[in-house]
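Okay, so here's the structure we're looking at.
Indexing begins at 1, ligand by ligand and atom by atom, following the structure's order.
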Amino acid sequence: MASGDNELVFCALGGLGEIGMNAALYGFGPPNKRKWLMVDCGVSFAGPDLPGIDLVFPDVSFVERVKKDLVGLVITHAHEDHIGAVTELWPKLGCRIFATRFAANLLEIKRSAEPGAPKIPVEIMAFGDRLNLEPFEVEVIPMAHSIPESSSLAIRTPLGTVLHTGDWKIDETPVIGLPTDQKRLTEIGDEGVLALVCDSTNILREGQSPSEAEVAINLRTLIGNAPGRVLVTTFASNIARIRAVADAAEATGRSVIVVGRAMDRAIEVARDCGYFDGVAPFFSANSYAYLPREKTVVVATGSQGELRAALARMAQDEHPEVKLVPGDRVIFSSRTIPGNEREVGRVINGLVRQGVEVVTDRTEMIHVSGHPRRAEVAQLYGWVRPKIAVPAHGEPLHLFEHGKFARLMGIDHVITAADGDVVLLAPGAPSIVDEAPHGRLCKDGNLLVSANDPSLAARNRLAFAGIVSIAFALTSRGDLAGDPDVVFSGMPTHTRDGKAMDAVIDAAIFATLDNLGRGKRRDPDAAATAVERSVRGAIGAAWGKKPTVHVLVVEV
Ligand SMILES: [Zn+2]
Ligand SMILES: [Zn+2]
């Protein structure tokens, strides 16, 4: 291989255009003979545009095609948008996979709870490690974030070093774990950094995010001065927050009760990794009834209003073990993720209806984001001093604003790429040179289907206007044999003036067949198409909406 032909490229299959399903690739070598390194393999959560779908994965068919040249998959941290697709997609790749202990253990505990989930041989990496994944060398650097052990990766190649930040913020006092390693990042900056691929989540926010330690102080006050029981809801993986609640409980003479399976799992893994050393054991939900009200703090899942989570059930007074009473205090130590406002509102209103006091981050500083605001991003650019900036981890607006910001920071080359764009980082001037196959895959039941699959568009139509099924038989002479069978679903049974929808449909069928003439009626396909069109039209006129109409014609 002539070394002069080597190129270093970057391509994201997810995460550049959405906050979610992060999956980045670095390629090194001559075109068509590159070795690939993958960073993260996360999920995204489906919105109402995809009925019946919960999880969305990046389409990794491109990686499958080059999998013999895939030297490894490195996971930056254990958030679902970075690790959540591993169980589903790693079996297609079969490469070496690396994660820190917390991420590896959390993946394993989740995997073992899923029947039939494949065994994934994660190799544990630690901060300071340099993974030798020829032609890449990957150094693991600690970053503060809203989950333990978030890492940035210094990816060294013969054509230069890329710093891939993962998710991060600057926090000198992160409650648990290490702060962002300014010293090491500056040293790497001194060595020379070709490109910085950086988190854009909070680029629209000025200033610097407050510290996790400040949140801990405020939580302690709110737990200390609560007259009755206190419940704190947060993300299950936010171990620093749970630790802050546990410390506040200890300081105010309360016991901690943990409710929710995701919370149990995250705490078990965190305890195993030492993040609850010196903290008294927690109680489970079945102790709830026996512990004095003013001596307990409940930590529960459900801060996003998730229907099946513990808190939503308490809000409906349907939780089997935990019943809140007037005067209890529920603290939302979380931010409502855009799109979840209605669900969260429903939970809050259910609690307020029960006489429970609800405290949110609208009035108290009880949540901080794990992502960097502009002043923090500016500091990182100062430490790392890259030649090229590639905004990542954002919706188009975030990436665009981050690009503008990087230019303000005096970065020579700013490449605002989207999912699938192949960015040439070196040699020469960086630019987008190609497009790799990319897209979204939906977990539909136990199958994976493309988000563009016609079945999903059809499902949306069915949800909007229902379906009519019509069957009838025609003789070889084109006469109707017997009465048509009609079944419909998801539609009103009567029109505005009280006419049965069945009658509307029947009338349309008979009128159409009469008008067709015997010749056309001998062609079952033509008859089916004509009936479908007229029934849709007749229902459209009666109802104002057109359902899906299926017509089955048999010849007798
Ligand atoms: Zn994260
Ligand atoms: Zn993330």
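Crowding of R261 atom CZ: a count of heavy atoms from other residues, nucleotides or ligands under 6.0 Å not exceeding 12.
When the Zn ion (ligand 1) is compared with the N/O/S atoms of D167, atom OD2 turns out nearest.
With a cut-off of 2.8 Å, the Zn ion (ligand 2) has no N, O or S atom of H371 in range. Taking backbone and side chain together, H79 holds an N, O or S atom under 2.8 Å from the Zn ion (ligand 1).
With the Zn ion (ligand 1) at the apex, H145 NE2 and H77 NE2 define an angle of roughly 100° (rounded to 10 degrees). The OD2 atom of D81, the Zn ion (ligand 2) and the NE2 atom of H82 define an angle of 100° (nearest 10 degrees).
With respect to the salt-bridge test (charged N to carboxylate O, under 4.0 angstrom), the residues R459 and D444 qualify. Salt-bridge check for D412 with K387: failed, with every basic side-chain N at 4.0 Å or more from each acidic carboxylate O. The existence of a salt bridge linking E268 and R265 is excluded, since no basic side-chain nitrogen approaches an acidic carboxylate oxygen closer than 4.0 Å.
Note that R271 lies in the cation-pi zone of F282, set by a 6.0 Å cut-off to the ring centre and a 45° limit from the axis.
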